[in-house]
K.L.:
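Shown below is the structure under consideration.
Residue numbers begin at 1 in each chain, while the letters A, B, ... track the order of the sequences. Please read all numbers here as calculations on a predicted model, not as lab measurements.
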Amino acid sequence: DTTVKQNPRYKLARVGKPVNLICSQTMNHDTMYWYQKKPNQAPKLLLFYYDKILNREADTFEKFQSSRPNNSFCSLYIGSAGLEYSAMYLCASSPGTSNTEVFFGKGTRLTVV
Amino acid sequence: GDSVTQTEGLVTLTEGLPVMLNCTYQSTYSPFLFWYVQHLNEAPKLLLKSFTDNKRPEHQGFHATLHKSSSSFHLQKSSAQLSDSALYYCALSPPNQGGSAKLIFGEGTKLTVSS
């Protein structure tokens, strides 16, 4: 099974409220990623976990948090949602090597109102 | 920094005509290049990847040749099918990232094939 599962598929959040998105994979991949995709823009890497080590991109460092309680699960946490967080969030995973195939989930569409 | 450019946001074709989707890139290193395809309501999936100059990987009738001299990795298919309608992303991955395969994407090209 090469599926990355994301829940929920759609999420509505209020401005100022927290948001938690969930992702899981059963491929025993060492690395899990979160990308943000806005309309007419390229998917943008927010952060990734290699094993238990979290790496956050410099320009989104303070906007997103994440946790990985075990190899299979990874969450993306927004402490206080703003309108600018409305986007598709794609979770992905890959074996712990460079330049290998990355497996994506179908995404969670977050709408902040 | 590294970047990927896909010049066409939308390509509309009639079934049976050839497909060519453009991709150029800028990178400090010699990166791996990828094409990912995302069908409606599905996850993006790997279509092709390449690291070797002038080699032409093929998959599902699609092929792409990495030309390092022109920093290009255009996607081609000789005859479009209705089922090829999808969003196509070109992406690069810098080499030697240790445990990650993080991707830098282009904005994507939406291909619509009609009968």
K.L.:
Determine whether a donor-acceptor pair (N or O, by modelled atom type, separation under 3.5 Å) exists between the side chain of A/Y33 and the backbone of B/A101.
P.N.:
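Between the backbone of B/A101 and the side chain of A/Y33 there is a qualifying donor-acceptor contact (under 3.5 Å).
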K.L.:
Does A/K44 NZ have over 12 foreign heavy atoms under 6.0 Å away?
P.N.:
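Yes, because the 6.0 Å sphere around NZ of A/K44 holds more than 12 heavy atoms from other groups.
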K.L.:
Quick one: CD on A/E101 to CG on B/L47, what's the gap to the nearest 0.5 Å?
P.N.:
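That separation rounds to 10.5 Å.
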K.L.:
Between the side chain of A/T31 and the main-chain N/O of B/G99, is any donor-acceptor distance below 3.5 Å?
P.N.:
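Yes, because the side chain of A/T31 sits within donor-acceptor range (under 3.5 Å) of the backbone of B/G99.
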K.L.:
Using a heavy-atom cutoff of under 4.5 Å, enumerate the residues of residues 30-40 of chain B that contact chain A, numbered in order, or state 'none'.
P.N.:
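Counting heavy atoms that sit under 4.5 Å from chain A, the residues of residues 30-40 of chain B involved are B/F32, B/F34, B/Y36.
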K.L.:
Keeping to residues at least two apart or across chains, list the salt bridge (Lys or Arg N to Asp or Glu O under 4.0 Å) pairs with something in residues 100-115 of chain B.
P.N.:
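Applying salt bridge (Lys or Arg N to Asp or Glu O under 4.0 Å) to every pair that reaches into residues 100-115 of chain B, excluding sequence neighbours, yields A/E57-B/K102.
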K.L.:
So which atom in A/G105 and which in B/A43 form the shortest heavy-atom distance, rounded to 0.1 Å?
P.N.:
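That would be O-CB, 3.3 Å.
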K.L.:
State plainly whether one hydrophobic cluster holds both A/F48 and A/Y89, where clusters connect Ile, Leu, Val, Met, Phe, Trp and Tyr through side-chain heavy atoms under 4.5 angstrom apart.
P.N.:
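Different clusters: A/F48 never reaches A/Y89 through Ile, Leu, Val, Met, Phe, Trp or Tyr contacts under 4.5 Å.
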K.L.:
Do other residues, nucleotides or ligands put more than 12 heavy atoms under 6.0 Å from the CG atom of A/N40?
P.N.:
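Atom CG in A/N40 is not packed in, count stays at 12 or less.
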K.L.:
Go through A/Y50 and B/S100 one step at a time and tell me if the side chain to side chain contact (heavy atoms under 4.5 Å, CB included) criterion holds.
P.N.:
CA-CA 7 Å; A/Y50 172 54; B/S100 90; 5.6 Å; no
K.L.:
Would you indicate whether A/E84, at its atom CD, is surrounded by more than 12 heavy atoms from other residues, nucleotides or ligands within a distance under 6.0 Å?
P.N.:
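Enclosed.
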K.L.:
Got a second to check how far A/K37's NZ is from B/L87's CG, nearest 0.5 Å?
P.N.:
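Interatomic distance, A/K37 NZ to B/L87 CG, rounded to 0.5 Å: 6.5 Å.
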K.L.:
Using a 4.5 angstrom heavy-atom cutoff, name the option from B/G9, B/P44, B/S93 with the most pairs to chain A.
P.N.:
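Most heavy-atom pairs within the cutoff with chain A belong to B/P44.
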K.L.:
Are B/L46 and B/Y89 linked, directly or through intermediate hydrophobic residues, by side-chain heavy-atom contacts shorter than 4.5 Å (ILVMFWY only)?
P.N.:
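Cluster IDs for B/Y89 and B/L46 match.
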K.L.:
Distance from B/L103 atom CG to A/F104 atom CZ, nearest 0.5 Å?
P.N.:
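Taking CG in B/L103 and CZ in A/F104, the distance rounds to 5.5 Å.
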K.L.:
To check you understand the geometry: which heavy-atom pair defines the closest contact between B/G106 and A/P43, and what is its length?
P.N.:
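For B/G106 versus A/P43, the nearest heavy atoms are O-CD, 3.8 Å.
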K.L.:
More than 12 heavy atoms of other residues, nucleotides or ligands under 6.0 Å from NZ of A/K38: yes or no?
P.N.:
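Buried by this count: over 12 neighbours within 6.0 Å.
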K.L.:
Given that the side chain runs from C-beta out, which part of A/T97 has a heavy atom under 4.5 Å from chain B: side chain, backbone, both or neither?
P.N.:
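The answer is the backbone of A/T97.
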K.L.:
Could you look at A/Y49 and say if it's the side chain, the backbone, both or neither that has a heavy atom under 4.5 Å from chain B?
P.N.:
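For A/Y49, no heavy atom lies under 4.5 Å from chain B.
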K.L.:
Within the supplied structure, the quantity of interest is the number of heavy atoms (other residues, nucleotides, ligands) at a distance under 6.0 Å from B/Q26 CD; does it exceed 12?
P.N.:
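Check fails, neighbour count at 12 or below.
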